[in-house]
K.L.:
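Sharing a structure here in structure tokens format.
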Amino acid sequence: AQSVTQPDIHITVSEGASLELRCNYSYGATPYLFWYVQSPGQGLQLLLKYFSGDTLVQGIKGFEAEFKRSQSSFNLRKPSVHWSDAAEYFCAVGRRGSQGNLIFGKGTKLSVKP
Amino acid sequence: GAGVSQTPSNKVTEKGKYVELRCDPISGHTALYWYRQSLGQGPEFLIYFQGTGAADDSGLPNDRFFAVRPEGSVSTLKIQRTERGDSAVYLCASSLTLAGGREQFFGPGTRLTVL
């Protein structure tokens with residue numbers, strides 16, 4: 001069965017520091033890969049997605065992610081974190097073909113200290 | 001344009017009662033999904049629709065849960081004989097088509113509390 005692992009439940013970084021959130025997946029083939037962000041009281045917002053091609057994907061708000069097939073990973077990065085980035089981040093996989101539902105990880109909560 | 005809307009935003013009910021949660025997808029989106037997010041967890045798939053028909057309901061936890069989308073737009077998630085374990089945020093999402101990889105746009109969710 002497909003699964004997504006986000007090994008870090010909670011991460012705290014200083015404002016201006018770099019950030020990397022880890023995501024590993026289990027899937028028989030290369031899935032579609034997504035990162036969503038959820039701020040308190042708000043819906044999930046898509047940050048970026050990987051379908052195929054270039055393994056380094058650029059997203060909104062200065063985020064990027066790199067797909068590494070050999071490690072079954074899709075880690076999210078940002079070179080300089082802003083206080084407004086404090087939120088919960090979810091990695092998700094989608095199966096190729098017509099089965100459109102997403103499988104989410106448990107999320108990583110990001111806190112930003114001044 | 002308008003995003004996905006869900007009503008009510010909060011619902012408090014008593015154990016054993018029946019509840020209905022409504023989702024209004026983005027206009028023109030044929031695919032609609034329901035997820036459930038328990039405290040400290042990521043969203044878990046419940047059911048999705050392509051048009052009016054349920055394409056996959058394998059995520060519904062038991063037969064107390066049912067969802068409809070009679071006209072291919074608005075959907076209602078129905079929970080009978082609610083239990084305390086049903087307390088969670090219920091998320092709805094829509095996408096242009098059901099094809100895997102299409103971006104899903106999420107609503108703000110309905111927080112259900114069963115006392």
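Every chain is numbered from 1 and lettered A, B, ... according to where its sequence line falls, protein lines coming before strand lines.
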K.L.:
More than 12 non-hydrogen atoms from neighbouring residues, nucleotides or ligands closer than 6.0 Å to CZ on B/F65, yes or no?
P.N.:
yes
K.L.:
Determine whether B/F106 and A/F34 fall in the same hydrophobic cluster, where Ile, Leu, Val, Met, Phe, Trp and Tyr are linked whenever their side-chain heavy atoms lie under 4.5 Å apart.
P.N.:
yes
K.L.:
Is there a path of hydrophobic side-chain contacts, each under 4.5 Å between heavy atoms, that joins A/V93 and A/F63?
P.N.:
yes
K.L.:
Does one hydrophobic cluster hold both A/V57 and A/Y25, with members joined at side-chain heavy-atom distances below 4.5 Å?
P.N.:
yes
K.L.:
Using non-hydrogen atoms and a 4.5 Å limit, figure out which bit of A/Q38 sits close to chain B: side chain, backbone, both or neither.
P.N.:
side chain
K.L.:
Identify whether A/V13 and A/L47 are in the same connected component of the hydrophobic contact network (ILVMFWY, side-chain heavy atoms under 4.5 Å).
P.N.:
yes
K.L.:
Determine whether B/F49 and B/L46 fall in the same hydrophobic cluster, where Ile, Leu, Val, Met, Phe, Trp and Tyr are linked whenever their side-chain heavy atoms lie under 4.5 Å apart.
P.N.:
yes
K.L.:
Knowing that exactly one of B/Y48, B/Y35, B/Y33 qualifies, which makes a side chain to side chain contact (heavy atoms under 4.5 Å, CB included) with A/L102?
P.N.:
B/Y35
K.L.:
Might you point out which heavy atoms bring A/F90 and B/Q41 nearest each other, and give the distance in Å?
P.N.:
CE2-O, 3.9 Å
K.L.:
Rounded to the nearest 0.5 Å, what's the gap from CG on A/N101 to CD on B/Q104? Could you check?
P.N.:
7.5 Å
K.L.:
More than 12 heavy atoms of other residues, nucleotides or ligands under 6.0 Å from CD1 of A/I9: is that the case?
P.N.:
no
K.L.:
For A/Q58, is the CD atom crowded, meaning more than 12 foreign heavy atoms sit under 6.0 Å from it?
P.N.:
yes
K.L.:
Counting only heavy atoms not in B/L39 (residues, nucleotides, ligands), do more than 12 fall under 6.0 Å from its CG?
P.N.:
no
K.L.:
Would you please go through residues 16-24 of chain B and name the residues with a non-hydrogen atom below 4.5 Å from one of chain A, in numerical order?
P.N.:
none
K.L.:
Could you state the interatomic distance from CD (B/Q37) to CZ (A/F104), rounded to the nearest 0.5 Å?
P.N.:
8.5 Å
K.L.:
Working to the nearest 0.5 Å, report the span between CD of B/E103 and CZ of A/F51.
P.N.:
8.0 Å
